Amino acid sequence: MRPVGSKYLLEQPLGRGATGTVWRARQRETAGAEAAVAGQPGETVAIKVLKEELASDPDVVMRFLRERSVLLRLTHPNIVRTRDLVVEGDLLALVMDLVDGPDLHRYLHDNGPFTPVAAALLTAQIADALAASHRDGVVHRDLKPANVLLAGADGDGEAQMRPMLTDFGIARLADSPGLTRTAEFVGTPAYVAPESAEGRPQTSAVDIYGAGILLYELTTGRPPFSGGTALEVLHRHLGEEPVRPAGVPEPLWTVMERCLRKNPDERPSAENLARGLRTVAAGIGAHATPEAAEAALGVAALLAPDPQPTAVPGTHPEPPSATAATQALPSSAPGHDPNAATSVLPTTGPPGAQADPTRVMPSTGPGGAGQQSDQGGEHPWQTQLRAARDRNEQTQVQYLDPSEDPLRRRPQRSVAPPPPQQQPPGYAQPYQHQPEPVPYHRRPEPPRRQQPPPQRYAPPPEPEPRPRRERRRSANPMRIPGLGCLKGCLFTVVVLAVACWLLWEFTSLPELFNQTKGFWKATTDWLRDAKEWVSDLGGGSDSSGV
């Protein structure tokens with residue numbers, strides 16, 4: 001067991017998500033006036049401990065404390081109530097009511113999809129919870145089956161099937177400038193709205209888009225857009241329209257299609273969505289009256305959009321200030337003082353017009369910021385992935401003609417024409433006699449036969465030049481002149497010495513010289529005899545000359 005603060009004690013982990021871990025905990029003592037629910041000692045609660053990277057970010061901690069009152073006053077029968085918030089050192093935790101039941105994702109996996117009537121009624125209760133949170137200025141931004149808990153059984157043993165929406169404010173806390181960038185989004189790719197994926201301004205319409213995907217999954221068992229990677233799923237959210245599944249009644253599909261509109265201004269509000277789903281559930285049942293069935297067919301009239309949707313803080317651009325950017329006066333302006341303070345030029349244009357501040361152009365094509373253009377513009381994620389692939393590609397080695405290599409090409413000197421010889425003044429050019437041409441009459445030539453054009457053959461393919469072999473460098477960079485020749489001579493002397501020794505030891509050569517003498521003794525004697533013979537030969541030639 002691990003204490004959290006002075007009033008709670010963690011007992012057992014219940015689940016782990018992208019933002020933290022949910023624990024079953026017990027209350028040690030009654031909470032103070034700062035908590036929404038005081039509680040009693042020994043009462044079981046659920047505590048979500050946020051991840052360390054969230055708790056260590058000062059922006060998250062400040063937002064956690066600033067929105068404490070907003071999260072504590074958010075109460076609704078279909079919302080898991082937040083009882084208390086704990087800030088202790090590097091630990092941030094939310095104390096919530098413990099819901100005894102599985103989440104909707106596990107229920108779908110174990111029991112399969114719902115009937116159209118049950119799916120409509122269940123989503124209508126979730127829409128009621130969204131309407132209450134939107135009135136308090138809180139947008140969930142991560143609506144999915146895993147964040148919907150199903151209440152346990154009542155006293156009669158009959159399942160209530162009351163959905164309880166949880167994790168309110170977690171996406172808002174995680175959307176910190178220190179943790180996210182402008183092009184990123186908060187949420188799950190399979191349930192994220194197009195404006196969240198593109199980084200555009202977000203409103204409460206993102207929750208309506210998530211409710212439409214949730215309704216689609218409750219009736220079919222799978223979300224409308226899926227793929228092998230998160231990027232593929234996001235592209236399908238941006239560019240594909242959902243397909244009506246088999247077995248879904250026309251009124252219910254009208255609600256789904258209106259919630260999954262790409263334009264957030266065309267989606268209904270949470271109140272109108274709940275009213276429309278209950279109208280559809282009453283008109284598509286087995287015991288529906290003709291009046292209820294007719295009302296269900298006209299459900300599109302009930303799905304009016306929200307005239308004032310709740311904006312998500314941090315996703316809308318700052319309003320431009322009325323003061324224009326500071327500009328420098330030209331030095332030639334009348335009354336210009338170079339030592340005076342920088343002044344602001346008046347607004348140019350029609351009288352009464354405000355200054356136009358500098359605006360940042362969108363990074364994508366003419367389709368708008370973060371949208372694909374109809375002329376084949378690419379999405380920002382495609383550009384980022386292509387840049388990553390270009391950085392990771394290895395350099396391809398290809399053969400380069402030595403004549404085209406600038407490092408191997410020899411410079412060609414251009415031969416300048418000889419300068420004209422200057423003649424001394426007064427020098428006269430000698431007269432040269434030009435013979436006159438002798439006119440003569442040419443004999444008419446017979447017409448020539450046209451020769452067929454020579455047959456041209458394709459030039460033979462040039463053989464590919466063999467790659468130049470690189471010379472191996474010796475480990476010893478110092479070179480000694482003549483060392484190679486000296487090594488060869490020494491090696492030859494050693495080979496001759498060994499050959500002589502082998503002939504002496506393994507042949508009958510010793511018997512020719514002396515049986516009692518050794519090899520080296522016989523060699524020295526032989527050399528001495530040769531020397532004496534040479535000296536005698538030299539002496540004899542001298543005596544004969546005398």
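The structure displayed is predicted, hence computed values, not measured ones. Note that these values count all heavy atoms, side chains included, but never hydrogens, waters or copies made by symmetry.
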S.K.: Give every residue pair that meets the salt bridge (Lys or Arg N to Asp or Glu O under 4.0 Å) criterion with at least one member in residues 272-289, sequence neighbours excluded.
M.R.: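 Sorted pair list: Asp128-Arg278.
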
S.K.: Could you list the residues that satisfy ring-ring contact (aromatic ring centres under 6.0 Å, His included) with His237, not counting sequence neighbours?
M.R.: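 Applying ring-ring contact (aromatic ring centres under 6.0 Å, His included) to His237 gives Tyr209, Phe225.
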
S.K.: Name each donor-acceptor pair under 3.5 Å that joins a side chain in residues 227-234 to protein atoms two or more places apart or in another chain, with its distance.
M.R.:
unit_1 : atom_1 : unit_2 : atom_2 : d
Thr229 : OG1    : Glu232 : N      : 3.3
Glu232 : OE1    : Gly228 : N      : 3.1

S.K.: With sequence neighbours left out, write down each residue that passes side chain to side chain donor-acceptor pair (under 3.5 Å) with Lys48, or none if nothing qualifies.
M.R.: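 Listed in chain order: Thr19, Asp167.
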
S.K.: Considering residues at least two apart in sequence or located in another chain, which fulfil the side chain to side chain contact (heavy atoms under 4.5 Å, CB included) criterion with Leu297?
M.R.: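 With sequence neighbours excluded, Leu297 shows a side chain to side chain contact (heavy atoms under 4.5 Å, CB included) to Pro251, given in chain and number order.
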
S.K.: List for me each residue that meets side chain to side chain donor-acceptor pair (under 3.5 Å) alongside Glu217, sequence neighbours excluded, and say none if there are none.
M.R.: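 Residues passing side chain to side chain donor-acceptor pair (under 3.5 Å) with Glu217: Tyr191.
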
S.K.: Sequence neighbours left out, what passes side chain to side chain donor-acceptor pair (under 3.5 Å) with Thr82? Give chain and number order.
M.R.: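 Thr82 satisfies side chain to side chain donor-acceptor pair (under 3.5 Å) with no other residue.
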
S.K.: Who passes side chain to side chain contact (heavy atoms under 4.5 Å, CB included) against Val37, sequence neighbours left out?
M.R.: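 Side chain to side chain contact (heavy atoms under 4.5 Å, CB included) list for Val37, sorted by chain: Arg81, Arg83.
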
S.K.: What pairs of donor and acceptor atoms, side-chain ones from residues 283-294 against any protein atom, are under 3.5 angstrom apart with sequence neighbours left out?
M.R.:
unit_1 : atom_1 : unit_2 : atom_2 : d
Thr289 : OG1    : Ala292 : N      : 3.2

S.K.: Which pairs with one or both residues in residues 247-259 pass salt bridge (Lys or Arg N to Asp or Glu O under 4.0 Å), sequence neighbours excluded?
M.R.: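 Sorted pair list: Arg244-Glu250, Glu257-Arg261.
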
S.K.: Of all residues at least two apart in sequence or in a different chain, which pass the side chain to side chain donor-acceptor pair (under 3.5 Å) check with Glu88?
M.R.: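 Glu88 satisfies side chain to side chain donor-acceptor pair (under 3.5 Å) with no residue once adjacent residues are dropped.
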
S.K.: What is the minimum heavy-atom distance between His134 and Val139, and which atoms define it?
M.R.: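 Reported closest heavy-atom pair: CD2-CA, 4.4 Å.
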
S.K.: Just list the side-chain donor-acceptor pairs under 3.5 Å for residues 104-121, sequence neighbours left out, or say none.
M.R.:
unit_1 : atom_1 : unit_2 : atom_2 : d
Asn111 : ND2    : Tyr107 : O      : 3.1
Thr115 : OG1    : Ala118 : N      : 3.3

